[in-house]
Amino acid sequence: METALVLGGSIAGLVAARVLADHADQVWIVEPDLLEDAPVLRRGTPHGSQAHTLLGRGRTVIDRLLPGIVRQLVREGGQLVTSGPGGAQWFLNGRAKVPVRGGSVVSVSRPFLEWHIRRRVLALPNVALVGGTAVGLTATAGRVDGALVRPPGATGAQRHGATLVVDATGRSSRLADWLGRIGYPAPDKRRMALDLGYATCLFHREPGQRLAGHVAVYSVYTPSRALTGPSSMTPVEGNRWLTLVSGYGDRRPGRDLGEFLARCRADPAPALQALPAACEPAGEVRVHRFPDSVRREFDRLDRFPAGLVAIGDAVASFNPTYGQGISVAAMQALALAEWLAEPGALDGPAYGYFRRVRAVVDDAWDFSAAQDCYLPHVTTARPFGWRLRRGLAEAVQNATVTDEVVHRAFLEVVNLTAGPDRLRRPDILWRTGVAALRRAGPSSKTARTIDDGGPKTR
């Protein structure tokens, strides 16, 4: 193609531009924020101050698209956090989980990660930036052939022509309205109301510092006990701790530093309890509210124009508790690359792309939404047999406290390196049952007749 137009310069837009650079003579990224050559918070990412970790599948894909970027992140200040003694520690309902040996994540702030990706993408010879805000699409004969872009400070819009337009404008995407203006239906939208609020604050960190013996902690709860929300403390670039507290509904945290420190002291994780006395704040408390998870089902549309796709939160936006957004955007970029490699892909609507995207979104949605629908305050329609399903989901999570194999499988699903069915495999269910019997105590006769290897015959 001659020209590709990416609407939005956040991480999803950047990885899309990286893929398009292999297929287009020129790629333009339309972004309203001034993108400085520095890691700064942008107005277009109101959640940019919150905790972001490059983990699992997203880490692998981004390093594939931009070879060496993970090493560069670590070399320039990002923290490689390993699991096990002295590394990361998970807590569930206040109980320390058994460590999963051999895993690691790259812990960085969102501005730091986005800046590194942006530098690499904009260094490509056929990728450039256009300052402005996308306000609509243009189309001819069943095909989107460009977008209307309003320059900074202007009242009118200019048309930018393109062979392919990518909507990467995030969860507030107006693509449904734009499609209606050119005579096409909007995709169905599914919502999972959450009313989640979280707050983060940076703290100064001594080089090599550990609190309560750990370099990172993640304190989470099973759905039936999750009104207080998860908390975490992770090291990031610049010798800082990035600390997060959260809650649902009336328990959402505010901007007051005193309240933030009180939540840390009340957390069951000893490292979070120790933080207020051990470290000084390095910035103000920043808050963000996440009202609901949303997905737009483009693959179910009967009519859709050629020359148009969507990516990232413009397709699906998940509960940020699970940290899957960056991974899903990266995997959608791979789906875009696979679709563009098909002969004649650009000749008609991008159904092949959206089918691939659905497979990516389904795994993340089936895990996060399945957990979220069990939250006590969520009023969505419950699936058939939901009480049994919730009981099983919580049993699996409880097993992660004592069984490393179950914990590893759980983290594989969270990291999108395995699908949700990984947790329904017979070996995982068996180990979950064993863990439940052990928790019930030695008085259980059944517990004395089984072990990790399966039932014993007599």
Side-chain angles (χ1 to χ4, degrees), residues 10 12 44-52 93 167 169-177 186-200 219-232 244-255 263 286-300 310 312-329 357-358 360-394 397 413-414 416 420:
S10 194
T45 54
H47 58 300
S49 62
Q50 308 306 318
H52 287 77
N93 297 339
D167 177 19
T169 57
R171 62 179 280 124
S172 60
S173 168
R174 297 183 59 201
L175 186 56
D177 295 335
D188 289 337
K189 184 186 292 187
R190 292 169 60 185
R191 293 181 181 272
M192 172 70 72
L194 295 175
D195 198 14
L196 169 66
Y198 45 100
T200 54
S219 181
V220 299
Y221 298 86
T222 50
S224 63
R225 300 180 60 179
L227 281 178
T228 52
S231 306
S232 65
L244 175 146
V245 298
S246 66
Y248 295 95
D250 294 339
R251 301 191 186 186
R252 296 192 309 271
R255 300 178 184 274
R263 284 180 180 251
R286 296 181 179 270
V287 299
H288 182 67
R289 185 175 181 181
F290 188 87
D292 49 24
S293 297
V294 178
R295 68 180 295 182
R296 298 173 175 91
E297 298 183 310
F298 291 95
D299 63 298
R300 298 186 183 276
D313 285 358
V315 177
S317 175
F318 307 91
N319 184 339
T321 294
Y322 307 106
Q324 296 173 317
I326 293 174
S327 292
V328 169
V357 164
R358 183 176 188 88
V360 172
V361 171
D362 276 349
D363 278 350
W365 185 270
D366 288 350
F367 176 77
S368 65
Q371 301 289 323
D372 293 341
C373 77
Y374 304 141
L375 293 170
H377 71 287
V378 170
T379 57
T380 186
R382 311 287 190 183
F384 176 76
W386 73 273
R387 293 182 185 275
L388 178 61
R389 295 186 186 188
R390 183 183 68 180
L392 178 59
E394 297 208 357
Q397 289 193 54
V413 175
V414 172
L416 297 175

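By convention here, the first residue in the shown sequence is residue 1.
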Beyond-backbone contact of R263 with S231, side-chain heavy atoms, under 4.5 angstrom: no
Working to the nearest 0.5 angstrom, can you tell me the gap between R190 CZ and R296 CZ? 13.5 Å
Report the C-alpha separation of T169 and L175 in whole Å, then their side-chain angles, then the decisive distance to 0.1 Å, and conclude whether the side-chain contact (heavy atoms from CB on, under 4.5 Å) test is met. CA-CA 9 Å; T169 57; L175 186 56; over 6 Å; no
Nearest heavy atoms of P253 and V245, plus distance in Å: CG-O, 3.7 Å
To the nearest 0.5 Å, tell me how far R191 CZ sits from S317 OG. 10.0 Å
Residues in salt bridge (charged side-chain N to carboxylate O under 4.0 Å, His left out) contact with D299, at least two apart in sequence or another chain: R358
How far apart are the closest heavy atoms of V287 and A199, and which atoms are they? CG1-CB, 3.8 Å
Does a side-chain heavy-atom distance below 4.5 Å link E394 with N93? no
Testing the 3.5 Å rule here: is there a donor-acceptor pair between the side chains of D372 and Y248? no
Using 0.5 Å steps for rounding, measure from the CG atom of D363 to the CD atom of Q324. 9.5 Å
Which atom names give the shortest non-hydrogen contact between A12 and G312, and what distance separates them? CB-CA, 3.8 Å
Interatomic spacing from CG in L392 to CD in Q397 - rounded to 0.5 Å: 10.5 Å
Check the pair R295, E297 against side-chain contact (heavy atoms from CB on, under 4.5 Å), reporting the backbone distance first and the verdict last. CA-CA 6 Å; R295 68 180 295 182; E297 298 183 310; 4.1 Å; yes
Please check this pair: side chain of R251 against backbone of G229, looking for a donor-acceptor N/O pair closer than 3.5 Å. no
Between CH2 of W365 and CG of N319, what distance do you get to the nearest 0.5 Å? 10.0 Å
With rounding to the nearest 0.5 angstrom, report the OG1 to OH distance, T321 to Y198. 8.0 Å
What I want to find out is whether D195 reaches R252 closely enough, with some N-O distance under 4.0 Å, to be called a salt bridge. yes
Quick check: do F318 and V328 have side-chain heavy atoms less than 4.5 Å from each other? yes
